[in-house]
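Read the structure below first, then the notes.
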Amino acid sequence: MKLKAAAMAAVMVLTAGAAMAQSERGAELGQCLVDTATEADEQSMRTVLLQALQDQTDELNRTLIQFSLQVLSRAVDKCGLKFSELESPEVEEGIGIYGEYLGQKIFEATLAKIGG
């Protein structure tokens, strides 16, 4: 249950943006996730955005949980995240930084396709 709560908290940060001051650990985690970004993450974020725009609530919830677990798993494997840190504000912050990166990348690709 704690993992599900941590995953949902991470998703909320992804969609809300990081307006708070960056902690060293949050910035470090966010940069590590950016450095190890995958095409699968980008595709998952696209799916999340589309499902949200189309009010596909059940599908959106499933995709968000899968996406969050995918990102958290990589954070543990590649970025030194400890399970004891899952509910910390620094983790939310780091995932928020990553979410902003993915959102910006998708936005820029969209603008390029429409000639903006």
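In this structure, OG1 in Thr63 is found 14.5 Å from CZ in Arg46, a value given to the nearest 0.5 Å. How far OG1 of Thr47 is from CD of Glu42: 11.0 Å, rounded to the nearest 0.5 Å. Going from atom CD1 of Ile65 over to atom CD of Gln70 covers 13.5 Å, rounded to the nearest 0.5 Å. We find the CD-CD distance between Glu93 and Glu24 to be 11.0 Å, quoted to the nearest 0.5 Å.
Here Glu100 does not pair with Lys105 in a salt bridge; the nearest charged N to carboxylate O distance is not below 4.0 Å.
At least one side-chain heavy atom of Leu72 sits under 4.5 Å from a side-chain heavy atom of Ile95. Within the 4.5 Å cutoff, the side chain of Leu102 has heavy atoms near those of the Phe67 side chain. Between Leu33 and Tyr101 there is no side-chain heavy-atom pair separated by less than 4.5 Å. Looking only at side-chain heavy atoms (C-beta outward), Ile97 and Gln31 stay at 4.5 Å or farther from each other. In this structure the side chain of Ser88 reaches within 4.5 angstrom of the side chain of Val91, judged on heavy atoms.
The side chain to side chain donor-acceptor pair (under 3.5 Å) pairs that include a residue from residues 75-86 are Arg25-Glu85, where partners are two or more places apart or lie in different chains.
More than 12 heavy-atom neighbours from other residues, nucleotides or ligands sit within 6.0 angstrom of CD on Gln54.
Side-chain contact of Gln66 with Ser44: a donor-acceptor pair under 3.5 Å is absent, judged by distance alone.
Put simply, the side chain of Arg74 gets close to the backbone of Thr36: a donor and an acceptor are under 3.5 Å apart.
With sequence neighbours excluded, the residues that form a side-chain contact (heavy atoms from CB on, under 4.5 Å) with Leu60 are Val48, Gln51, Ala52, Leu64. Arg62 is linked by a salt bridge (charged side-chain N to carboxylate O under 4.0 Å, His left out) to nothing, counting only residues two or more places apart in sequence or in another chain.
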